[in-house]
Colleague: 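Take this structure, written in structure tokens, and hold onto it; I'll ask about it next.
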Number of protein chains: 2
Amino acid sequence: MGLRETIFGLAQIYRGHIKTAVNANELGLNGMHVRCLHIIANQSHCTANALVQLLGKDKAQIARLVKDMIEKGWLVKQASPSDKRSQILTLSGSGLALLQKISQLEKEIEASLLAGLSSQDVADFKRIAGLMLNNLAAS
Amino acid sequence: MGLRETIFGLAQIYRGHIKTAVNANELGLNGMHVRCLHIIANQSHCTANALVQLLGKDKAQIARLVKDMIEKGWLVKQASPSDKRSQILTLSGSGLALLQKISQLEKEIEASLLAGLSSQDVADFKRIAGLMLNNLAAS
DNA sequence: ATTTATAATTGACTTTATCAACTAAATTAT
DNA sequence: ATAATTTAGTTGATAAAGTCAATTATAAAT
């Protein structure tokens, strides 16, 4: 199996499992919602533009996605004091609760993903994947 | 960095690089085209239904994708002798030529991806990812 | 002070994905 | 054997996702 199939295969199968779990729990969100929630929770002063950079998506798409998530009550935005063009995005209470449910589902998926792997394997995987990411990010 | 970010990060950055390379070479195809070409080249008697299974996509989408690729002259289909409902898909000459160009671009991307990695690292990565794939495919 | 750049939003549009209905062939059950 | 059920593939109608260009408001640079 080539590297390409390996990388896309992993992403595809992980995505499929999350999708199934999210649908089964009727959480009413899609893959981009999930990725945004994670990023906003981890970035200290996340803006729409940060999402554009990190997700590699069009800014129009992100603007609509953020709008949608605000309407759904998962996010709140507030003007940045340092730059009035920027809107700082944070999770609302329900957004945080939602992320926690998702994280729980992901934890279960990762547990089955890692079944039978040694902690050395897991560490190696992350280390090697990190090297690959750095290589491509650089070029 | 969590496992989720690692997996999706790798797929995202790889996809971005291929997209850029394919666009730069004006090959006129998208990600699904690429994946289909690879699968059809590797499966001995590939049908639309096999693509549905392997790609995890809706059969309507695959039907239209295959139609498109046939119209573009990259694929040919022929009725299966053993099951007249099935259409066996194979690469045409130009489909094969296209795949070879893509493979060359992927080879270059993978070369930069693997820069500085030992062959042991590469082997470990594939082995561990393979275990993960098996785990999720089973559950 | 004026030009240039950046963050975000919106309109118009294309592409991609999904659901349901349908045809034809194969399989299973009666 | 024939009737009922599955399966492979196609199509129509939509919905969702992604893209491009233009616009507004603010910030930074000249």
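Residue numbering restarts at 1 for every chain, and letters A, B, ... go by the order of the sequence lines. Since the model is a prediction, treat every value here as computed from it, not as a measurement.
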Colleague: Given D:dA17, C:dA20, D:dG9, which nucleotide is nearest the side-chain atoms of B:Q87?
Modeller: D:dG9

Colleague: B:K84 side chain N/O closer than 4.0 Å to the phosphate oxygens (OP1, OP2) of D:dT7?
Modeller: no

Colleague: Is the closest basic N to carboxylate O distance between A:K72 and A:D68 below 4.0 Å?
Modeller: yes

Colleague: Should A:R35 and A:L51 count as side-chain neighbours, where that means a heavy-atom distance under 4.5 Å?
Modeller: no

Colleague: Go through C:dT18, D:dA8, C:dA8 for me and flag the one nearest to the A:K19 side chain.
Modeller: C:dT18

Colleague: Has the side chain of B:R64 got a donor or acceptor that lies under 3.5 Å from a partner of the other kind on the base of D:dG9?
Modeller: no

Colleague: Touch check for B:A60, heavy atoms < 4.0 angstrom, all strands: base, sugar-phosphate only, or nothing?
Modeller: base

Colleague: Quick one: is C:dT16 close enough that its OP1 or OP2 comes under 4.0 Å of any side-chain N or O from B:N30?
Modeller: yes

Colleague: Does a nitrogen or oxygen in the side chain of B:K59 sit under 4.0 Å from OP1 or OP2 of D:dT11?
Modeller: no

Colleague: What is the ring orientation for A:F125 with B:F125, classed by angle as parallel under 30°, tilted 30 to 60°, or perpendicular over 60°?
Modeller: parallel

Colleague: Distance check needed: C:dT27 P versus B:D83 CG, whole Å only.
Modeller: 6 Å

Colleague: If you check every side-chain atom of B:R85, which of D:dT6, C:dA8, C:dT18 has the closest atom?
Modeller: D:dT6

Colleague: Which part of the nucleic acid, if any, lies within reach of A:D58 when heavy atoms closer than 4.0 Å are counted: base, sugar-phosphate only, or nothing?
Modeller: base

Colleague: Return no unless some side-chain N or O of A:K77 is found under 4.0 Å from OP1 or OP2 of C:dA7.
Modeller: no

Colleague: For A:L89 and C:dT9, give me the distance from atom CG to atom C1', rounded to whole Å.
Modeller: 14 Å

Colleague: Output the rounded distance in Å from CG (B:L55) to C1' (C:dT18).
Modeller: 16 Å

Colleague: What's the closest nucleotide to the side chain of B:N49 if the choices are D:dA27, C:dT9, D:dA8?
Modeller: D:dA8

Colleague: For the pair made of CD1 in B:I70 and P in D:dG9, what is the distance, rounded to whole Å?
Modeller: 11 Å

Colleague: What is the distance, rounded to the nearest whole Å, between atom CD of A:Q78 and atom P of C:dA8?
Modeller: 13 Å

Colleague: OP1 or OP2 of C:dT16 versus the side-chain N and O atoms of B:K57: is any pair under 4.0 Å?
Modeller: no

Colleague: When you measure from the side chain of B:T47 to the backbone N and O of B:I88, does any donor-acceptor pair fall under 3.5 Å?
Modeller: no

Colleague: Has the side chain of B:N25 got a donor or acceptor atom that lies under 3.5 Å from a matching backbone atom of B:A21?
Modeller: yes

Colleague: In whole Å, what is the span from the CD1 atom of B:I62 to the P atom of D:dT7?
Modeller: 19 Å

Colleague: Grab the CG-P distance between B:L65 and D:dG9 for me, whole Å please.
Modeller: 14 Å

Colleague: Provide, to the nearest angstrom, the distance between the CZ atom belonging to B:R15 and the P atom belonging to D:dA17.
Modeller: 15 Å

